[in-house]
J.: 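Got a structure here, written out as structure tokens. Questions coming.
Naming convention: chains lettered A, B, ... in sequence-line order (proteins, then strands); numbering from 1 in each chain. Computed from a prediction, not measured in an experiment: that's the story for all the values here.
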There are 2 protein chains.
Amino acid sequence: MFEKHGFHGVTVNQIVDKTGTSKGGFYHHFTSKDELLFVIHDAFITYVLEKATIATETFANPTEKLQAIIKVFVKTFDLYKAHISVFYQETIYLKPAYENRIKKKRDQFKQILLNAIREGKEAGEFRDDIPVDITTMAILGMVNWTYKWYQQPGTKTIDEIGSIYVDLILHAVLKADSISGDTYQQLLISSVKQDFHI
Amino acid sequence: MFEKHGFHGVTVNQIVDKTGTSKGGFYHHFTSKDELLFVIHDAFITYVLEKATIATETFANPTEKLQAIIKVFVKTFDLYKAHISVFYQETIYLKPAYENRIKKKRDQFKQILLNAIREGKEAGEFRDDIPVDITTMAILGMVNWTYKWYQQPGTKTIDEIGSIYVDLILHAVLKADSISGDTYQQLLISSVKQDFHI
DNA sequence: GTATACAGACCAACCAGTCGGTCTTTAAAA
DNA sequence: TTTTAAAGACCGACTGGTTGGTCTGTATAC
């Protein structure tokens with residue numbers, strides 16, 4: 001409901017009507033409408049942060065790390081599409097105390113991606129002339145924006161979309177000699193490997 | 001104010017206080033608070049649509065077209081940062097009649113970008129294995145997301161950021177042989193050329 | 001003298017949150 | 001095993017503050 005009509009476009013009465021509960025019940029479980037908004041935010045960012053952490057720990061190679069982070073993130077769209085929409089649309093309405101807690105986790109996630117890119121440059125796998133910070137935000141933007149248009153079921157599965165993103169991003173950041181010929185195919189993590197067990 | 005606190009986080013009274021006007025004055029110029037939201041949306045999308053149209057008309061070559069569209073779009077962040085934030089944050093609160101008018105222009109803009117990419121593939125400049133639709137959305141996302149983090153003055157100017165985006169995107173979509181050596185530098189439109197007169 | 005621009009007190013609707021109360025579960029006491 | 005009392009879960013009518021919008025009145029421009 002928040003995804004479609006926005007936090008202020010949905011009343012607590014509508015929520016309890018839809019869920020077949022009551023106002024009393026709602027305020028028994030949540031201290032406020034704002035807390036519900038926080039819970040939605042927290043559920044998503046906690047999940048994706050954990051997945052991304054495992055992704056970086058699973059792979060040693062920066063190129064693989066980068067792929068794994070992107071794949072794992074894009075995959076969440078199937079499960080958390082609504083959460084993600086709320087996460088990016090309604091953050092301004094989070095009360096400061098809640099916002100701080102979310103911001104911390106969001107920054108951690110960003111840092112994971114940023115580290116992978118920094119390591120990729122240091123390892124000589126990525127181009128020297130890409131700025132780490134802007135490239136991080138560019139990738140983040142490309143991937144995050146998916147919430148604006150992705151819908152299930154579409155002409156492409158979320159895994160296919162993830163693979164396309166990886167392809168575009170790798171072509172953007174890898175050194176030219178890594179892309180030519182068979183080398184590139186070897187750099188791609190296989191679909192077996194990518195489903196590293198959580 | 002809408003950028004910082006959201007459409008529902010700002011009351012009409014706050015608006016007229018801030019502008020030193022009155023409620024009567026406000027409702028003399030706007031039929032409703034919703035109309036103000038529409039005007040903000042419309043001002044930005046109309047501007048950027050015109051710029052993008054001129055950009056495509058100015059260049060014949062798809063690679064140049066793509067660059068020009070991105071450059072011209074990113075440049076608007078200096079002027080329209082607040083508008084853009086509202087445009088992407090508060091769209092759900094637009095009344096259907098308003099939303100339809102905005103959607104039309106937004107789709108036109110998307111189409112301009114999509115056409116450039118399609119033409120690039122057809123002309124053999126861009127890689128054959130990039131899907132036009134997803135690539136369009138990827139680029140759109142990368143660029144649009146800027147509103148979430150860009151602030152003036154930052155460590156990089158908006159033109160620098162635009163150039164980085166162009167570099168990343170061209171590496172992502174151009175064929176491998178266009179990137180190696182001096183060829184790539186020749187493909188970049190010069191800063192003189194990019195300020196094609198409007 | 002008519003239309004436009006603006007002012008600000010006022011109002012009706014709406015909505016998050018409250019509060020007294022009921023039903024159900026739990027677990028200790030008899 | 002039965003009784004009982006306390007805690008937890010849930011209900012929904014009600015309220016007080018807020019807010020978009022109105023309306024009457026005034027000043028200025030043409």
J.: Return the 5'-most residue of the pair His29(A), Lys23(B) with respect to DNA chain D, ranking by each residue's nearest nucleotide.
T.: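 It is His29(A) whose nearest nucleotide is closer to the 5' end.
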J.: By nearest heavy atom, map Val10(A) and Gly24(A) onto DNA chain C; which one lands nearer the 5' end?
T.: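 Closer to the 5' end of DNA chain C: Val10(A).
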J.: Rounding to a whole Å, what distance do you find between Asn13(A):CG and dT15(D):P?
T.: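 For the pair Asn13(A) CG and dT15(D) P, the rounded distance is 16 Å.
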J.: Between atom NE2 in His28(B) and atom P in dT22(D), what is the gap in whole Å?
T.: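 My rounded result for the distance is 14 Å.
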J.: How long is the line joining CG of Leu37(B) and P of dG20(D), in whole Å?
T.: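 The answer, rounded to whole Å, is 12 Å.
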J.: Within this structure, what is the CD-to-P distance between Gln14(B) and dT18(D), rounded to whole angstrom?
T.: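 Taking atom P of dT18(D) as the reference, CD of Gln14(B) is at 12 Å.
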J.: Rounded to the Å, how far apart are Phe30(A) CZ and dC11(D) C1'?
T.: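 Spelled out: CZ on Phe30(A) to C1' on dC11(D) is 17 Å.
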J.: Between His8(B) and Tyr93(B), is the ring centroid distance below 6.0 Å?
T.: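 Judged by ring-centre distance (under 6.0 Å), His8(B) and Tyr93(B) do meet the cut-off.
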J.: Could you tell me how far apart Lys33(B) (NZ) and dG21(D) (P) are, to the nearest whole angstrom?
T.: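 Going from NZ in Lys33(B) over to P in dG21(D) covers 8 Å.
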J.: Looking for any heavy atom pair under 4.0 Å, which part of the strands does Val16(B) touch: base, sugar-phosphate only, or nothing?
T.: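 The residue Val16(B) makes no contact with any strand.
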J.: What is the distance from CZ of Phe26(B) to P of dT19(D), rounded to the nearest Å?
T.: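 Between P of dT19(D) and CZ of Phe26(B): 14 Å.
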J.: What integer distance in Å separates His8(A):NE2 from dT18(D):P?
T.: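 After rounding, the reported distance stands at 15 Å.
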J.: Can you list the steps and then say if Arg127(B) with His171(A) is a side chain to side chain contact (heavy atoms under 4.5 Å, CB included)?
T.: CA-CA 11 Å; Arg127(B) 292 158 53 204; His171(A) 274 82; 3.2 Å; yes
J.: For residues Tyr165(A) and Thr146(A), is any side-chain donor paired with an opposing acceptor at under 3.5 Å?
T.: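 Note: Tyr165(A) and Thr146(A) side chains meet the donor-acceptor criterion.
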J.: Do Tyr47(A) and Tyr80(A) have their ring centres less than 6.0 Å from each other?
T.: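 Centroid distance Tyr47(A)-Tyr80(A): below 6.0 Å, so yes.
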J.: Is Lys175(B) salt-bridged to Glu125(B), going by a charged N under 4.0 Å from an acidic O?
T.: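 No, Lys175(B) and Glu125(B) are not salt-bridged.
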J.: Let's go through Tyr88(B) and Trp145(B) carefully: what are the C-alpha distance in whole Å and the side-chain angles of both, what is the deciding distance for ring-ring contact (aromatic ring centres under 6.0 Å, His included) to 0.1 Å, and is it a yes or a no?
T.: CA-CA 9 Å; Tyr88(B) 290 125; Trp145(B) 200 253; 9.5 Å; no
J.: Along DNA chain C, 5' to 3', what are the outermost nucleotides having an atom less than 4.0 Å from a heavy atom of chain B?
T.: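 On DNA chain C, the outermost contacted nucleotides are dA5(C) to dG8(C).
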J.: Glu35(A): what forms a salt bridge (Lys or Arg N to Asp or Glu O under 4.0 Å) with it, not counting sequence neighbours?
T.: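 Applying salt bridge (Lys or Arg N to Asp or Glu O under 4.0 Å) to Glu35(A) gives none.
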